[in-house]
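Data block below; observations after.
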Amino acid sequence: DFEDGGKVKFTSAGEERAAYVYFPEDRDEPLPIVFMWHPLGATASMMANWTYAEEFAIENNIIVIVPDAHDNNIFEWEFVGASDLDLPMYDDLRTCAVEELNGDVRRISSMGMSAGALWTTYLGIHRGDTLATIMTWSGGTGQVVAYETPAYPFPALLVFGGEDDTYNAGGV
């Protein structure tokens with residue numbers, strides 16, 4: 001039940017999950033939906049605070065959904081191999097936002113930071129037919145996220161650092 005917004009708990013793929021859901025009071029017209037995915041070591045609460053997600057939703061007349069990662073994945077999100085928990089969670093959250101909050105199925109965007117950006121890339125590859133746009137802050141493909149041509153073309157904004165902005169993660 002998303003009707004009250006804020007932190008919501010739900011079951012997806014047999015797992016208890018949580019997300020922060022923000023939206024304006026007036027939802028007479030279908031609203032764009034923006035997913036925000038947190039980086040490694042962070043939480044949905046932190047991501048929502050860093051991005052002023054609640055204020056962003058109200059000021060821009062959009063629905064913002066900030067999910068928490070599954071707690072037993074080394075990279076936070078399932079972008080290595082098959083995603084049997086996070087892809088269904090995205091599908092469930094998207095469906096609920098469309099059905100319960102009058103979200104516009106044609107205007108769904110995904111943005112993420114670091115591990116959340118890698119997840120956004122993975123989501124673009126595997127659910128590109130459901131996305132209008134993606135934005136990644138330090139994401140990409142290669143060693144961790146295997147690239148495949150998305151099922152549907154969409155605009156992408158890719159943000160990354162310079163040559164000296166590196167992080168040694170044990171050879172990755």
Side-chain angles (χ1 to χ4, degrees), residues 1-73 75-79 83 85-139 154-159:
D1 182 9
F2 285 3
E3 193 58 37
D4 293 331
K7 186 173 184 176
V8 297
K9 292 187 177 189
F10 56 96
T11 301
S12 178
E15 300 283 328
E16 183 74 21
R17 302 298 292 262
Y20 289 84
V21 180
Y22 304 109
F23 47 85
E25 191 172 315
D26 178 17
R27 297 185 311 278
D28 292 336
E29 297 293 320
L31 300 178
I33 303 167
V34 176
F35 283 87
M36 296 182 178
W37 309 94
H38 66 76
L40 186 67
T43 64
S45 175
M46 294 165 76
M47 186 72 166
N49 287 331
W50 293 335
T51 59
Y52 301 96
E54 184 171 12
E55 295 87 349
F56 187 71
I58 293 167
E59 289 172 8
N60 292 285
N61 205 37
I62 62 174
I63 299 164
V64 174
I65 301 174
V66 190
D68 254 323
H70 189 38
D71 62 4
N72 70 354
N73 192 308
F75 291 112
E76 304 280 343
W77 305 104
E78 293 185 315
F79 49 76
S83 176
L85 295 174
D86 290 340
L87 281 177
M89 179 189 63
Y90 165 76
D91 294 337
D92 292 342
L93 288 169
R94 183 186 73 236
T95 299
C96 288
V98 169
E99 291 178 358
E100 295 182 32
L101 300 176
N102 199 19
D104 188 341
V105 72
R106 297 167 299 132
R107 295 187 293 165
I108 300 173
S109 298
S110 180
M111 57 140 315
M113 181 184 301
S114 190
L118 292 170
W119 171 246
T120 290
T121 301
Y122 185 93
L123 195 60
I125 291 169
H126 296 279
R127 292 294 189 270
D129 58 335
T130 69
L131 293 166
T133 61
I134 66 168
M135 183 177 88
T136 66
W137 293 332
S138 190
F154 52 84
L157 175 62
L158 312 174
V159 181

If you compare all heavy atoms of [X] against all heavy atoms of [Y], which two are closest, and at what distance to 0.1 Å?
X	Y	result
Pro67	Ile65	CD-O, 3.4 Å
Asn61	Pro24	OD1-CG, 3.2 Å
Ala69	Glu76	CB-O, 3.0 Å
Pro88	Ser83	CD-O, 3.6 Å
Val64	Ala57	CG2-CB, 3.7 Å

Do any N or O atoms from the side chain of [X] and from the backbone of [Y] form a donor-acceptor pair under 3.5 angstrom?
X	Y	result
Arg107	Pro30	yes
Arg17	Lys9	no
Asp104	Leu31	no
Glu54	Tyr22	no
Asp86	Glu78	yes
Asp92	Arg94	no
Thr11	Gly14	no

With a 4.0 Å cut-off on N to O distance, would you call Glu3 and Arg27 a salt bridge?
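Salt bridge flag = yes for Arg27 with Glu3.
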
Below 4.5 Å, heavy atoms only, C-beta onward: do [X] and [Y] meet side chain to side chain?
X	Y	answer
Leu118	Phe79	yes
Leu93	Phe10	yes
Asp91	Arg127	yes
Ser45	Trp50	no
Phe154	Ile134	yes
Tyr90	Ile108	yes
Ile62	Phe23	no

What do you reckon, are the aromatic ring centroids of Trp77 and His38 less than 6.0 Å apart?
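Between His38 and Trp77, which both carry aromatic rings, the centre distance is below 6.0 Å.
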
Report the C-alpha distance between Val21 and Leu101 in whole Å, list the side-chain angles of each, state the deciding distance to 0.1 Å, and finish with yes or no for side-chain contact (heavy atoms from CB on, under 4.5 Å).
CA-CA 10 Å; Val21 180; Leu101 300 176; 3.7 Å; yes

Pairing donors with acceptors under 3.5 angstrom, does anything connect the side chains of [X] and [Y]?
X	Y	result
Asp68	Thr43	no
Trp37	Ser110	yes
Thr133	Ser109	yes

Using a 6.0 Å cut-off, check whether atom CD of Glu16 has over 12 heavy atoms from anything other than its own residue.
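Yes, CD of Glu16 has more than 12 neighbouring heavy atoms, counting only those of other groups under 6.0 Å.
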
